[in-house]
Amino acid sequence: MSAIVTGVKTDAGILSLAAGVEKGDCASAEGQHVETLLEQLEARGWATGVVSTATLTHATPAANYAHAADRGWENDTRIPKDQRGLGCTDIAQQLIEFDIGDGLEVAMGGGRANFLPAETADPEFPARTGLRLDGRNLAEEWASREGADWVWNTRDFDAIDPAKTKHLLGLFNPSHMQYELDRPNDKGGEPSLAQMTRKALEILHRDEDGYLLIVEGGRIDHAHHATNAKRALYDTVALADAVKVADDMTRDDETLILVTADHSHTLSVSGYSSRGNPVLGVAAVDGKPLRASDGEPYTTLSYANGRGGQYLEESIDELGNPGNYRVDPPAGRRFDHDSADTTADGYYQESLVPLRSETHGGEDVALYAKGPWAHLFKGTAEQSYIYYVMRHAAGATP
């Protein structure tokens, strides 16, 4: 994401800093800041916003407004003791203290604990507290500005009047927001990615100079890492719904919309199933399962690596997030898919190579574009190229 929003490539784990920075070394970041498109447009008077179903301080949203020698420095607790006091600021603090232009107009996602003090109880889960050691309540600091507000549940989110709110901070979970499949069961209620996109655009539309909105379906990635294709697909549909909202609320002759990814995963679609066979089911022809050489059926979707290779039954933690534990098959055999419900929420696809977490894939990802200057996207391009097209479309070139 740093390359996409700055035009400059850097090393893995580093946010919007030049490649000379050593990951985790605060001192090496001095003088290495690279301006992001969001910062450039804020300086020109544009309205800006970031929306994600991951924590707001996670790598993709953070790369737009923060500069960090380690993407893991989401709150001051996460900065190692030997790196504190050397001039580096945690990512949550950078979001609240972002002072270019009039600051971000919209920031919505998860990660509430990164903004609350360690002695402050979470409003949704009183048994939990914030994570900050500096005693600052960054959410309240955001809301102390004129025309600013912060919300943590759907009731307050729905009550926000876009015509009156100038700056909106939404923090809907102590950690990442719920998967779309689990969102209806959230204790405090969470808006969907499409609902957050709509609210953000209603606020940003008020700025006649223009606006930049970054929207991330961040939990697609997390479900793939768990080899839980069902949740990954549901969150992908949620992202598509958000894209439709953006398309419906804008004009093709004045707004450039881009949809892409930062990487792929090892998910594979295989088999010779009949048309209409459930994508989450086993490969089958006319309802008759196709079988592998061990005599067992195999699913249409599988992963090259990850926690699969055994059946994983589901448990739910106190935040309502799904977890799982192993139910191993007999030695030397795969799980019995004749009796398994592969469409169940708690089914985790098989994988070839057993790993604690599925890895990213290495192939090129797609980029879809419509609107002004969309024709500049053709063939294969580097991530950093995306920045220059966006900057050109925004009229920000010298």
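Position 1 is the first residue of the sequence, and the numbers go up from there.
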- Indicate yes or no: at least one non-hydrogen side-chain atom of Trp150 is less than 4.5 angstrom from one of Ile160. no

- Item | Verdict with supporting geometry, Thr266 and Glu358, side-chain hydrogen bond (donor to acceptor under 3.5 Å, both in side chains) | CA-CA 7 Å; Thr266 68; Glu358 180 266 355; 2.9 Å; yes

- Any idea which heavy atoms bring Ala283 and Gly271 closest together, and the distance? CB-CA, 4.4 Å

- Task: Evaluate the salt bridge (Lys or Arg N to Asp or Glu O under 4.0 Å) criterion for residues Glu382 and Lys9: first the C-alpha distance (whole Å), next the side-chain angles of each, then the deciding distance (0.1 Å), finally the verdict.
- Result: CA-CA 10 Å; Glu382 299 292 319; Lys9 293 194 177 191; 2.4 Å; yes

- Message: How long is the straight-line distance from CG of Leu355 back to NE2 of His225, given to the nearest 0.5 Å?
- Response: 11.5 Å

- Report the C-alpha distance between His67 and Glu39 in whole Å, list the side-chain angles of each, state the deciding distance to 0.1 Å, and finish with yes or no for side-chain hydrogen bond (donor to acceptor under 3.5 Å, both in side chains). CA-CA 11 Å; His67 305 266; Glu39 291 173 320; 2.9 Å; yes

- Thr129 and Glu119: side-chain contact (heavy atoms from CB on, under 4.5 Å), yes or no, with the steps? CA-CA 6 Å; Thr129 64; Glu119 60 270 17; over 6 Å; no

- Query: Would Asp122 and Arg112 pass as an ion pair if we require N to O under 4.0 Å?
  - Reply: yes

- Message: Check whether Ser351 reaches the backbone of Gly306 with its side chain - one donor and one acceptor, N or O, closer than 3.5 Å.
- Response: yes

- Salt-bridge contact Lys244-Asp248 (side-chain N to carboxylate O under 4.0 Å): yes

- Item | Stepwise side-chain contact (heavy atoms from CB on, under 4.5 Å) check, Leu95 with Thr57 | CA-CA 8 Å; Leu95 172 59; Thr57 47; 5.6 Å; no

- Query: Does CG belonging to Asp253 count more than 12 external heavy atoms closer than 6.0 Å?
  - Reply: yes

- Query: Can Arg136 and Glu97 be counted as an ion pair, charged N to O under 4.0 angstrom?
  - Reply: yes

- Are any of the side-chain heavy atoms of Gln195 and Thr154 separated by less than 4.5 Å? no

- Query: Hey, are Lys164 and Asp149 close enough for a salt bridge, meaning a charged N less than 4.0 Å from a carboxylate O?
  - Reply: no

- Message: Closer than 3.5 angstrom, by distance alone: can the side chain of Ser384 be matched with the main-chain N or O of Ala3 as a donor-acceptor pair?
- Response: no

- Quick one: CG on Leu38 to CD1 on Ile214, what's the gap to the nearest 0.5 Å? 7.0 Å

- Query: Atom CG in Asn228, atom OH in Tyr179: separation rounded to 0.5 Å?
  - Reply: 7.0 Å

- Message: So Glu190 and Asn173, do their side chains get closer than 4.5 Å, heavy atoms only?
- Response: yes

- Message: Contact between Asp221 and Asp262 at the side-chain level, heavy atoms closer than 4.5 Å - yes or no?
- Response: no

- Query: Is the distance between the ring centroids of His224 and His263 less than 6.0 Å?
  - Reply: no

- Query: Any side-chain heavy atom of Asn75 sitting closer than 4.5 Å to one from Phe115?
  - Reply: no

- Would a line drawn from the ring center of His337 to the ring center of Tyr298 be shorter than 6.0 Å? no

- Task: Decide yes or no for Ser52 and Thr60: does some side-chain heavy atom of the first lie under 4.5 Å from some side-chain heavy atom of the second?
- Result: no

- Message: If the threshold is 4.0 Å, N to carboxylate O, is there a salt bridge linking Arg84 and Asp76?
- Response: no

- Message: Before you tell me yes or no, could you show the steps for Thr299 and Gln349 under side-chain hydrogen bond (donor to acceptor under 3.5 Å, both in side chains), namely the whole-Å CA-CA distance, both residues' side-chain angles and the distance that decides it to 0.1 Å?
- Response: CA-CA 8 Å; Thr299 54; Gln349 264 67 23; 5.1 Å; no

- Task: State whether the side chain of Asn305 and the backbone N or O of Thr359 hold a donor-acceptor pair below 3.5 Å, judged by distance alone.
- Result: yes

- Item | Any donor-acceptor N or O pair under 3.5 Å, side chains Thr89, Gln94 | no

- Task: I would like to know whether Met177 and Arg183 meet side-chain contact (heavy atoms from CB on, under 4.5 Å); could you show each step before the answer?
- Result: CA-CA 8 Å; Met177 292 180 67; Arg183 186 174 60 83; 5.6 Å; no

- Item | Main-chain N/O of Ser16 paired with Ser2 side-chain donor or acceptor, under 3.5 Å | yes

- Query: Going by heavy atoms in the side chains, are Glu74 and His58 under 4.5 Å from each other?
  - Reply: yes

- Item | Electrostatic pair Lys370:Asp247 at N-O distance under 4.0 angstrom | yes

- Task: Would you check if Arg219 and Tyr234 make a side-chain contact, meaning some heavy-atom pair closer than 4.5 Å?
- Result: no

